[in-house]
Each structure stands twice: as structure tokens, then as C-alpha cells.
K.L.:
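Here you go, one structure.
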Amino acid sequence: MYREKVVQMFHHAYDHYLKSAFPYDELQPISCKGMDTWGSFSLTLIDALDTLAVMKNYTEFRRVVNTLLSTADFNVNINVSVFETNIRVRQCKLIKMTSKKKRLNLKEKIDVLKVIEKEKLSVRRLAERFHVGKTQISELLKDKEGIRKMWVLNSNENLKNLKFRKIETSEIDEVLMKWFRSARAKNIPVNGVLLQEKAREVGESLGLETFKASNGWLEKFRTRHNISFKQICGEEKSVNPNEVTDWFGKLKSLLKGYDDRDIFNADETDLFYRILPEKTLCLEGEKCSGGKISKEQLTLLLCCNMLEDFEIPVVIGKAKKPRCFKNIDVRKLSVSWKSNKKAWIITDIMSDWLVELDKKNEKTKEKNHSVHGAMLLPILMI
């Protein structure tokens, strides 16, 4: 709210200056006319540059810079205010100086080393070219081999603030990453605890008794190598690819003579309708704890044919007529309601459903004079 008011106030003053006073230094508030006061070089426009940058209005910032480069003339013999000139004009120089605090990432450090090999520039010239301080360039030159080694081992180009005080860390990273890639290629789940234990094992094999593989080390290792922590989902890796290939071969002969409307695929799924999110937003310092996860569920049976015509979903609950269905005719629901003690698809429910589906398709076959009935394909998880 306050931010919007500040932006509105800035544009009120800035827009009126451009409309009534530019290219003069200032806008007179009563007469609404321009006036030169501190040097006749559009001082208000120069003074607004930092505010435009803070507001991230980069389009207007670039336009103003180009305008000043083409209109402002500093080669004029005129009296100026030393104080006003320093705080309002030389701020651009100060901004440029503060930009030297930028930290180079790994890729940029490699670019600096390439330039050194080709052009043999001094530390000062390199600092000016890459807009950083001379100290950072000097430190980079002292550790050229360490940076090149990290570039080979590391997949994270945006890594900043590299520190190579312990060469042994790079050795552990190299061995550990080979093991990690091998484990993931075999689809073996790897969590942080397992990774830390393997790192300690590698450290012991290298004779590094002081290496502890702490939680801090784990976070830095993940950052260095772009490793994320994800939840495993699906059963894709449990299917034998050879069996899938054989099944596709048999499928063509099975489908021969059947229309697309007569080929169905059905599957069941659980609906945990009372389960709460596992993660939550909370205030800083607030204790975040929860209760038991609700396991109340319904089972859904969904089916459609190859023309994407869906059958009425079958919903299975525990009660034959739950309280929420009071004064409701279950037969008129948009789903087929079934029930048993565990809310599962049992043999009787599946048999009844198949018989109903078969009767429906018999009627359709008679109406369309179709030779074949319907085929319900086995569920294939790929």
C-alpha cells in the first residue's frame, strides 16, 4: 500500500517535470516553469536515475540515459554548487564503484582465465573489464588450478564464492559423484543420510580423519552439483521393457476386427477425501506440528473407450447409504454407488459391473449391427 503511494508521488513529480520543465534543471512549483539552478544539464533528470533503477523501470532508465548522453553538455564554463553536484551528479560514479563488489560465478571465473591466456592483461585492466575489484582478480589468479579442477567436476555454473581451502573436498566430490550417478542409473533411491554415510566412507578410504560430512556439507554438496530432493512417484521402473514390447506385438492381433468404440480401458484409484496437505505456511517461530494422517478413502473405478466415451464412474464406500445421502435416491446419482466394509473393489462388485457393461454393449451391437462385442483391455502400466 505505502509502496504504491510512493510510486504515485514519484510519477506525479517526474511526469510534470518532463512535461513543463525539461531540459531545465528544476521545475518551479508555483509557475510550473523550468529553471536552471545548478549547471544547466537537466539536473532533475540525472537525479531521478537511481530512483528509476530502484523501481526497476529499466525501459525509462535507458531512455533517460540515452537522452542525457545526447543533450547534456558538461564542457561549459559556469559556476556550479559543489555540494549539489557531488550528491546529485557524482552519485552515478559512486554507483559504478559499488558495482565492483559483484562476485564472479564459476563460468565467469573460467572466462577470466581464458582472457588472461590470450591477452595477458594486468589485474587492473581485468578488474575494469569484468566490473569487479582487483582483490577478487588477484585471488582468482592465485587459485587457477583449483578453479579449473572445480569446473571439470562441477555441473553448477552459477556457483559463487568458491573456496578451495580443502583440496580433499574436491577429491571426495569426485568419488562421491561417480557413486551417486551409478546409483541413480540403477534407479536406487538416495537420501541425504545415505549420501552422508557414503561420503564418510569415502573420506576414511582417502585417509581424511577430520572429514565429518555434516548437514552443512550436504547442503553445499547439493548446491555444487545441482542435486534436488524429490518424492518418488509412479511405477514406471517396475515394468520390464521386453514384456512391454511383446505385449504391443500381441495387441494388434487382439484388436483385429474390433471398432474403436468397442475397446475399453479401466483402472481403479483411491480418493483420500479427508487428507490434509503435508506442508503448510506458518509464521516465523511458530511450532509446526500435525496429527495423524486421515486414511478414510473411497475407491473409484474409471473406464472409457478409444473414442474417449466415458462410462459412468463406479464409487465404492463403506456404507450402503451414508448419512450425507439422506433423502437422496442413490440410483439417481451421476455415479454408480457401491459399498463394502473396506471400500475396495471386490469380486462381486467387479463381476456385476462387467455384466452391466456387457449388456449395454449387446444393445449397442444390435443397434449398430456389429459382428463383435466389446473388449476390455488389461491395464498396462508403462
Side-chain angles (χ1 to χ4, degrees), residues 187 231-278 292-382:
N187 200 42
Q231 184 172 352
I232 298 173
C233 59
E235 302 176 356
E236 176 183 352
K237 297 296 183 180
S238 64
V239 179
N240 188 336
N242 295 328
E243 293 180 0
V244 175
T245 304
D246 294 340
W247 167 250
F248 279 130
K250 296 177 182 178
L251 191 60
K252 291 183 180 179
S253 59
L254 289 172
L255 298 180
K256 189 175 181 180
Y258 286 90
D259 294 332
D260 288 348
R261 66 173 176 271
D262 296 327
I263 301 172
F264 293 83
N265 189 6
D267 200 356
E268 62 174 311
T269 182
D270 295 326
L271 175 61
F272 294 91
Y273 59 95
R274 285 190 174 180
I275 198 168
L276 296 174
E278 295 180 355
K292 291 184 178 180
I293 297 176
S294 173
K295 295 183 179 179
E296 292 190 53
Q297 69 179 74
L298 300 173
T299 300
L300 278 66
L301 176 63
L302 306 173
C303 178
C304 74
N305 62 16
M306 290 186 66
L307 296 178
E308 299 183 5
D309 297 328
F310 283 82
E311 296 297 316
I312 296 175
V314 178
V315 181
I316 305 165
K318 291 183 178 181
K320 187 174 182 180
K321 190 169 183 180
R323 292 180 181 178
C324 59
F325 286 176
K326 187 178 180 180
N327 301 326
I328 295 177
D329 188 351
V330 177
R331 294 170 298 179
K332 295 182 179 180
L333 294 173
S334 58
V335 298
S336 177
W337 178 263
K338 307 291 181 182
S339 62
N340 61 70
K341 291 182 178 180
K342 294 186 177 180
W344 289 354
I345 292 184
I346 58 178
T347 303
D348 292 342
I349 292 177
M350 191 68 187
S351 299
D352 293 343
W353 179 77
L354 285 171
V355 170
E356 292 177 8
L357 181 65
D358 186 58
K359 289 180 179 179
K360 177 184 175 182
N361 284 304
E362 282 292 331
K363 294 180 181 179
T364 305
K365 183 180 69 172
E366 293 174 0
K367 190 178 293 185
N368 298 326
H369 305 289
S370 175
V371 177
H372 293 282
M375 172 178 283
L376 186 67
L377 292 178
I379 299 163
L380 180 65
M381 300 296 292
I382 299 178

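Just so you know, residue 1 is the first one in the sequence shown, and it goes up from there. Quick note: numbers below take in every heavy atom, side chains included, and nothing from hydrogens, waters or symmetry partners.
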K.L.:
Determine, step by step, whether Trp353 and Ser336 satisfy the side chain to side chain contact (heavy atoms under 4.5 Å, CB included) criterion, reporting the C-alpha distance in whole Å, the side-chain angles of both residues, the deciding distance to 0.1 Å, and the verdict.
P.N.:
CA-CA 10 Å; Trp353 179 77; Ser336 177; over 6 Å; no

K.L.:
Nearest 0.5 Å, please: how far is CD in Gln297 from NZ in Lys342?
P.N.:
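That separation rounds to 11.0 Å.
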
K.L.:
Please evaluate residues Leu301 and Ile316 with respect to the criterion side chain to side chain contact (heavy atoms under 4.5 Å, CB included), reporting the C-alpha separation (whole Å), side-chain torsions for both, the decisive distance (0.1 Å), and the verdict.
P.N.:
CA-CA 8 Å; Leu301 176 63; Ile316 305 165; 5.6 Å; no

K.L.:
Please check: side-chain N/O of Asp259 versus main-chain N/O of Arg261, any donor-acceptor pairing under 3.5 Å?
P.N.:
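Pair absent, no side-chain N/O of Asp259 close to backbone of Arg261.
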
K.L.:
Quick one: does any side-chain atom of Thr299 pair with a main-chain N or O of Ala343 as donor and acceptor, under 3.5 Å?
P.N.:
yes

K.L.:
When rounded to the nearest 0.5 angstrom, what distance separates NZ in Lys295 from CD1 in Ile275?
P.N.:
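That separation rounds to 10.0 Å.
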
K.L.:
Start with the C-alpha gap between Phe325 and Leu333, add the side-chain angles, then the distance that decides, and say whether side chain to side chain contact (heavy atoms under 4.5 Å, CB included) holds.
P.N.:
CA-CA 10 Å; Phe325 286 176; Leu333 294 173; 4.0 Å; yes

K.L.:
Would you compute the distance between atom OG1 of Thr347 and atom CG of Asp352 and round it to the nearest 0.5 angstrom?
P.N.:
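Spacing of OG1 (Thr347) from CG (Asp352) equals 10.5 Å.
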
K.L.:
Counting only heavy atoms not in Lys321, do more than 12 fall under 6.0 Å of its NZ?
P.N.:
yes

K.L.:
To check you understand the geometry: which heavy-atom pair defines the closest contact between Asp262 and Tyr258, and what is its length?
P.N.:
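Reported closest heavy-atom pair: CB-CD2, 4.4 Å.
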
K.L.:
Are the side chains of Leu254 and Trp247 in contact, using a 4.5 Å heavy-atom criterion?
P.N.:
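With C-beta onward as the side chain, the pair touches.
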
K.L.:
Going by heavy atoms in the side chains, are Leu298 and Leu300 under 4.5 Å from each other?
P.N.:
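Heavy-atom side-chain distance check passes, below 4.5 Å.
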
K.L.:
Which atoms form the tightest heavy-atom contact between Ala319 and Ser339, and what is the distance?
P.N.:
O-CB, 3.3 Å

K.L.:
Residues in side chain to side chain donor-acceptor pair (under 3.5 Å) with Arg323, at least two apart?
P.N.:
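Partners of Arg323 under the side chain to side chain donor-acceptor pair (under 3.5 Å) test: none.
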
K.L.:
Got a sec, which residues hit side chain to side chain donor-acceptor pair (under 3.5 Å) with Asp260, two or more places apart in sequence or on another chain?
P.N.:
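Result, side chain to side chain donor-acceptor pair (under 3.5 Å) vs Asp260: none returned.
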
K.L.:
Quick one: closest heavy-atom pair of Glu296 and Arg274, and the distance?
P.N.:
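Distance-wise, the nearest heavy atoms are OE2-NH1, 3.0 Å.
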
K.L.:
For the backbone of Lys250 and the side chain of Ser253, can you confirm whether one donor and one acceptor N or O come within less than 3.5 Å of each other?
P.N.:
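Yes, Ser253 side chain to Lys250 backbone: donor-acceptor pair under 3.5 Å.
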
K.L.:
Just wondering, more than 12 heavy atoms not from Ile312 lying within 6.0 Å of its CD1?
P.N.:
no

K.L.:
Are the side chain of Trp337 and the backbone N or O of Lys320 linked by a donor-acceptor pair below 3.5 Å?
P.N.:
yes

K.L.:
Measuring from atom CD1 of Ile349 to atom NZ of Lys338, what distance do you get when rounded to the nearest 0.5 angstrom?
P.N.:
7.5 Å

